[in-house]
Amino acid sequence: MNWYGHLWTIGTRASHIVRPPREPPAVPWHLAVEDPDIGTLQLSGILHEVDDADTVLLVVHGMGGDAGSPYCVLAAQAAIKRGWSCLRVSLRGADGQGQDLYHAGLFSDLTAACQSAELARYRRICVLGYSLGGHACLWLATRPGDR
């Protein structure tokens, strides 16, 4: 049996516990979203703004993660290094606020984030998602009329 994959997963997680990635300068991000079944929900995230950036990277976590997951922080670092701003968004319920639960078929949160006032100034929005977040980002990328 090849244990390399398991060691890679465990080793990466352990290294982030021992030495978490450094958070770039950021501000909290919140957005009220209307859900037809539940009413008004609050999305949350972390916004890293780079002066004069014309591109923002929308980073979406995987199952069991949130905007503070180490892999999302590393993605923000890479975006900032490239001169892009970055919004690390927590899908509904992932931030522990308990207003609702996200799932693989729920895409309206990303559409709402792309249409938020904070992202209106950017000429280009790029998306990066991990696992379940990657599924949601692929869906968003195929729906050009929704952003």
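Quick caveat, the model's predicted, so the values are computed rather than measured.
- Note that the CG atom of Leu31 and the CG atom of Leu119 stand 9.0 Å from one another [nearest 0.5 Å].
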side-chain contact (heavy atoms from CB on, under 4.5 Å) between Val89 and Leu110: does it pass, once the steps are laid out? CA-CA 8 Å; Val89 66; Leu110 298 185; 4.1 Å; yes
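- Ion pairing of Asp35 with Arg92 is present here, as a side-chain N (NZ or NE/NH1/NH2) and a carboxylate O approach within less than 4.0 Å.
- Taking the side chain as every heavy atom from C-beta outward, Trp84 and Val50 never approach each other to under 4.5 Å.
- Hydrophobic clustering (ILVMFWY, side-chain heavy atoms < 4.5 Å, transitive): Val27 and Ile80 are in distinct clusters.
- In this structure, CG on Leu87 lies 9.0 Å from CD1 on Ile46, to the nearest 0.5 angstrom.
- The line from CG of Leu140 to SG of Cys114 is 4.5 Å long, rounded to the nearest 0.5 Å.
- If you take OG on Ser85 and CG on Leu57, they are separated by 10.0 Å, rounding to the nearest 0.5 Å.
- The backbone N or O of Ala67 sits less than 3.5 Å from a side-chain atom of Ser90, completing a donor-acceptor pair.
- No side-chain donor-acceptor contact under 3.5 Å links Tyr122 and Thr55.
- With contacts defined as side-chain heavy-atom distances shorter than 4.5 Å, the pair Val60/Val127 does not qualify.
- A 4.5 Å side-chain heavy-atom check between Tyr71 and His61 finds at least one atom pair inside the cut-off.
- Counting heavy atoms from C-beta on, the side chains of Glu118 and Leu47 come closer than 4.5 Å.
- Within 6.0 Å of the CZ atom in Arg121, the count of heavy atoms belonging to other residues, nucleotides or ligands exceeds 12.
- Taking 4.5 Å as the limit, some side-chain heavy atom of Val73 sits within range of a side-chain heavy atom of Pro24.
- Contact of the His48 side chain with the Arg88 side chain is registered, since non-hydrogen atoms from C-beta on lie closer than 4.5 Å.
- Annotation: side chain of Leu132 is not in contact with side chain of Tyr130 (no heavy-atom distance under 4.5 Å).
- A distance of 10.0 Å separates CG in Leu58 from SG in Cys126, rounded to the nearest 0.5 Å.
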